[in-house]
Amino acid sequence: MPPAEMPKTYSPGEIEPRVYARWEAAGYFAANPPQGAGTAPPSRAAESHYCIVIPPPNVTGTLHMGHAFQDTIMDALTRTHRMRGERTLWQPGTDHAGIATQMVVERQLEAEGIRRKQLTREAFVERVWAWKEQSGGTIGRQMRRLGASVDWSRERFTMDAGLSRAVIEAFVRLYERGLIYRGKRLVNWDPKLLTALSDLEVLSSEEQGSLWHLRYPLVPASGGSEPTQTADAASSEYLVVATTRPETMLGDTAVAVNPKDERYRALIGRSVRLPLTGRDIPIIADDYVDPAFGSGCVKITPAHDFNDYAIGRRHNLPLINVFTPDAHLNEQTPEALRGLPRFTARERIIEQLAAQGLIERIEPHKLMIPRGDRSGEIIEPYLTDQWYVSIAELAVPAIAAVEDGRVRFVPENWSKTYFQWMHNIQDWCISRQLWWGHRIPAWYDDAGNIYVARGAQEAAAQARARHGRDVPLRQDDDVLDTWFSAGLWPFSTLGWPDATPELASFYPTDVLVTGFDIIFFWVARMIMMGLAFMDEVPFRTVYIHGLIRDAEGQKMSKSKGNVIDPIDVIDGIGLPALLAKRTSGLMQPHLAAGIERATRKQFPNGMPAHGTDALRFTFAQLATQSRDLRFDLARVEANRNFCNKLWNVARYALGALEATQGPAPRALGAAGAGAGPTELSVADRWIRSRLGVTIRAVDEALAEYRFDFAATALYEFTWNELCAWYVEIVKPALRAEADVAGRAGARATLGTVLETLLRLLHPLMPFITEEIWLRLAPQIGVTGETIMLAPWPRASDFPRDLAAEQQIGWVRGIIEGVRQIKGEMDIPLMRRVPLLLSSASREDLAQLQQHEGMLAQLAVLSEIRVLSQGEAHPPSAAALVRELTLLVPMAGLIEPASELARLEKLVQRNRQELARARAKLGNQEFVNNAPGEVVAQERARLADFEHREAGLARQMQQVRVLAQQSEPADRRGGGGGATRPATEGAP
RNA sequence: GGGUGCUUAGCUCAGCUGGUAGAGCGUCGCCUUUACACGGCGAAUGUCACAGGUUCGAGUCCUGUAGCACCCACCA
């Protein structure tokens, strides 16, 4: 429980951990509410459910800005639905992240001077588990700091026993359906990690290379000398092939030309002698060859190039693999080259070919180089045995699900990206030659027969059935792609393959919140797997958010040294610590100096603390539909100020409520009905009406996943309506000496509005709202042990009151008019001035009578006097509110010259508007074609501008006269004194 | 080669179904006003990338151009 009295300063660092610990201990996050926590009224015990599964972060990693952003969105959604009374589950967990995690542990071992292969597989995996245990708590701690209301009791890990069982089950079922197969074909091979990768894990980027034009000598035509009919190429003694990878020439098994290419037609069927090997390889014809590129002859290396592989299959070419797994030349290559790493071999081969005069030319060439996304190593197409998911059959229903709207992308555009990929989807290589991960549930006997089974026993049984006796079996060494288990996440975490109550309640989940970077890796696969195993989509909505970048729009990365840790934004961090964090453990240590310089420049004093709520609110504001989101600390600072504002208005409110409440606090109901007379003032009615509008705006924004809109609506209401106007207006009414009924109304309104606002803010700013609410609620008779389980505000409780809005609008217009005069004339706001009103309508008079006190108070006026028609008035500065003219006598306050300048500006601006309105209404087609409403509105505007024009002209006239009079005085007096025709002393 | 975005105030960005260009930060001026100086009041600033088109009317719709991003793809 928070201290009874609100501390004067807002200290998120003290509040947030304490509040979270209480929530967690009380079990408020649980999807199955603990006994006794039932603060919900009976009507809220609805049967509706809401579920989000977290995109599981790497178990041994730490959360970065993107996670924090994503978690904020998911938490906001979760909290909103929980407050709506739905049974809500935000499912937490982590991913084993096969390659990434294995690499980290390998690096740790290296630091100890141990290589992975020196350990047994069991020992290594043991090591990884130990590391997981050691570092696995980090994410949990971070998420708690962020306020994430996940059901910790249901936390899952992709390698938990239960989830591992799901993985095996899924594999076996797909295999039994014939959708998983094992095959020897070219895969993307990482020669450093020594594993296959899926297409998605290979990133191609343009790099500078060369195009080598090699001469392959022609083998003389056998069986005597048919004269070569055409073409110089045919009559020369060699063919020229162009390649970007000369080292693969050792594995060439053909040279291809286009069948329509006249230059080479006669050579089709003949052979060339492959240099350095002495092998003769055929010249074949294939449409694939583009005659316009290079020489029009392509060397074909089926074992080392995806295209060549396809051509090889078409032409039944042999495959000659020339590489070892780590991309050194193997025993298929000439002895002199054997054992060389691929790029050394390249140089050596070029040298040798050059020595033999077999290099036609070398030209610079830009090409796409494929690299492994983890290792950065250049990927080799490599011939190996791997497991594949035959994807086409799974893709069809997954495409249909998005087409017919069972899964909806938000923003909708991303469905195009999804379709594009799904329509061109390739079989998915799911085996990895790693040790960390789900071992493939396949066994082999000595004859090489495969038994896919749910366990060794089942495999043995299969083998027995086949052979009629027990045979020794060996399990496949490979593990599954991390994304295979991730694809099952929405149902494996809920207990699948068992039919658990959770699965029944929460599947399909409601929304997946994720970044566009993993639409293919994860989103698409979850949809396919969900449909395959659950016969139902895994989620109804996919909310795709942008990528958090730094203030300069750069992607945050360790090597750039521009990473901002969300926890540092929350807690603050000194410069030395920040520098240490950014410059330690760099893969390229030489970058440290530059990073240090940039960091010192951007954060000369480190980062101050901002608190979680400020950070979360910033994330909400940032959640536009843009795909790049720049994170700027200045915005967090602004939002910390916002928190501070909220804190202080709450302090005021609590003080005011207590001071006016008397000794028996609990008597009043939330609406203030109860003992004694209660009267709602216009201001009370106005703020209630505005609150209703705000609730509606927030509801709509959340329904559309426009967290930026929700944040804006909340910010504006809180700061610009509640704090700036309502509280200022009702201060007098809340004083002890004020009228009892009015005071009761103001108290009830202030209490209710603030309490409701806290609930409305809670999903985005959970901590500060709880901290205040726990103090405020009892003051106004609201019960409940936490705001988390308090009901979500209903707009219908605060119906629109247009009359009140209109009246407050009138008041604000006048106050702003006076403030404008004071502001521009550098008159302190608190200096009391008289206000004269001219051309007041009956309506104005009525309003005035009702709101005179409010005007005097907020515009800080000494008196308000209505001028009768034609009544003379002292020279004054003027402001116009529609037809009403506000006059502040200038005497002793305002220089005629500055007032004249001010009026001049107003005239200018008005003139432009006037001209525009006149032109519009002068256009007959506008009047004829535009809707009547629009025309009428335009007419009203025009009238308004005309009034202003006239009023301003009158004022200018009067002040101009005065200015002329005062000019000599100015010169004499050297500044201070305007002439004052009537009264008062100098300033 | 295909595809998708973006281009609005000094900076970062909103602007939904076309009808008076907005916010935050920054800038300038004034203000100790008993909730808040992490504050209050006021002010300045925009050929809405460019060129056409549709329309009475375009930041908003259509076409094209330019620049900048990103994604997918096997051109040796």
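Just so it is clear: chains get the letters A, B, ... in the order the sequence lines come, proteins before strands, and each one is counted from 1. What you see is a predicted model, and the numbers here were worked out from it, not measured in a lab.
- Within 4.0 Å of A:T9, counting heavy atoms only, lies no atom of the nucleic acid at all.
- Taking the charged nitrogens against the carboxylate oxygens, A:R918 and A:E913 have no contact shorter than 4.0 Å, which rules out a salt bridge.
- Within the 4.0 angstrom heavy-atom criterion, no nucleotide atom of any strand lies near A:V860.
- Nucleic acid contact for A:M368: base, since at least one base atom lies under 4.0 Å from a heavy atom of the residue.
- Going from the P atom of B:C62 to that of B:G26 covers 38 Å, rounded to whole Å.
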For this session: Please test A:D199 against A:N188 for side-chain hydrogen bond (donor to acceptor under 3.5 Å, both in side chains), starting from the C-alpha separation and ending with a verdict.
Result: CA-CA 7 Å; A:D199 297 344; A:N188 301 297; 3.0 Å; yes
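- Checked against a 6.0 Å centroid threshold, the rings of A:F409 and A:W414 do not count as neighbours.
- Note on A:R549: every side-chain N or O is 4.0 Å or more away from OP1 and OP2 of B:C70.
- With rounding to whole Å, A:R918 atom CZ is found 22 Å from B:G57 atom P.
- Comparing the C1' positions of B:G59 and B:U20 gives a spacing of 14 Å, expressed to the nearest Å.
- One donor-acceptor pair, N or O on each side, does fall under 3.5 Å between the base of B:A35 and the side chain of A:K731.
- Considering only side-chain N and O atoms, A:K645 lies under 4.0 angstrom from the phosphate OP1 or OP2 of B:G40.
- Comparing A:V202 and A:P291 by the nucleotide of RNA chain B that holds the closest heavy atom to each, the one mapping nearer the 5' end is A:V202.
- With P as the reference atom, B:U65 and B:A23 are 36 Å apart, rounded to whole Å.
- For the residue pair A:H213/A:E363, the side-chain donor-acceptor check at 3.5 Å is satisfied.
- Rounded to whole Å, the separation between the P atoms of B:U34 and B:C41 comes to 15 Å.
- Atom P of nucleotide B:U4 and atom CH2 of A:W414 are separated by 12 Å, given to the nearest angstrom.
- A sub-4.0 Å separation between OP1 or OP2 of B:A14 and a side-chain N or O of A:T624 is present.
- Mapping A:R245 and A:R941 onto RNA chain B via the closest heavy atom, the residue that lands nearer the 5' end is A:R941.
- Separating the C1' atom of B:G52 from that of B:A66 is a span of 15 Å, rounded to the nearest Å.
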Seminar exercise, completed: Per-nucleotide protein contact along nucleotides 22-33 of chain B, 5' to 3', at a 4.0 Å heavy-atom cut-off (B base, S sugar-phosphate only, - neither), is --S----SSS-B
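- Residue A:K8 places at least one side-chain N or O under 4.0 Å from the OP1 or OP2 atom of B:C36.
- With a cut-off of 3.5 Å on both Watson-Crick or G-U wobble distances, the partner of B:C74 is given as none.
- Remark: the A:E895 side chain and the A:S898 side chain contain no N/O donor-acceptor pair separated by less than 3.5 Å.
- For A:R916, no side-chain nitrogen or oxygen approaches OP1 or OP2 of B:G19 to under 4.0 Å.
- The phosphate of B:G40 (OP1 or OP2) has a side-chain N or O of A:W719 nearer than 4.0 angstrom.
- Remark: A:N929 is in phosphate contact with B:C56, judged by side-chain N or O atoms under 4.0 Å from OP1 or OP2.
- Of all nucleotides present, only B:C28 satisfies the Watson-Crick or G-U wobble test against B:G42, with each distance under 3.5 Å.
- Rounded to whole Å, the C1' atom of B:G57 lies 31 Å from the corresponding atom of B:U4.
- Going from atom CZ of A:F293 over to atom P of B:C75 covers 10 Å, rounded to whole Å.
- Side-chain contact, A:H315 with A:D286: a donor N or O sits under 3.5 Å from an acceptor N or O.
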Problem set entry | Criterion side-chain contact (heavy atoms from CB on, under 4.5 Å) on A:I821 and A:R902, from CA distance to verdict | CA-CA 9 Å; A:I821 292 171; A:R902 197 179 68 86; 3.6 Å; yes
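- Using a 4.0 Å cut-off between a side-chain N of Lys or Arg and a carboxylate O of Asp or Glu, A:R371 and A:E207 qualify as a salt bridge.
- Judged by Watson-Crick or G-U wobble contacts below 3.5 Å, the nucleotide B:G64 has B:C50 as its partner.
- In this structure B:A23 sits in a base pair with B:U12, meeting the Watson-Crick or G-U test at under 3.5 Å.
- Under 4.0 angstrom from either OP1 or OP2 of B:C13 there lies at least one side-chain N or O belonging to A:R630.
- B:G39 and B:U32 have their C1' atoms separated by 10 Å, given to the nearest Å.
- Protein atom CD of A:Q625 is 18 Å distant from nucleotide atom P of B:U8, rounded to whole Å.
- Look at A:Q820 and you'll find a side-chain N or O under 4.0 angstrom from OP1 or OP2 of B:A43.
- Pairing of B:U34, defined by two Watson-Crick or G-U wobble distances under 3.5 Å, is not identified with any nucleotide.
- The CG atom of A:L200 sits 13 Å away from the C1' atom of B:A73 (whole-angstrom rounding).
- Checking side-chain atoms of A:N562 against main-chain N and O of A:S557 turns up a donor-acceptor pair under 3.5 Å.
- Taking a cutoff of 4.0 Å between a charged side-chain nitrogen and a carboxylate oxygen, A:D632 and A:R630 do not qualify as a salt bridge.
- Comparing B:G18 with B:G46, their P atoms are spaced 28 Å from each other, to the whole Å.
- Distance, A:I281 CD1 to B:A76 P: 19 Å, rounded to whole Å.
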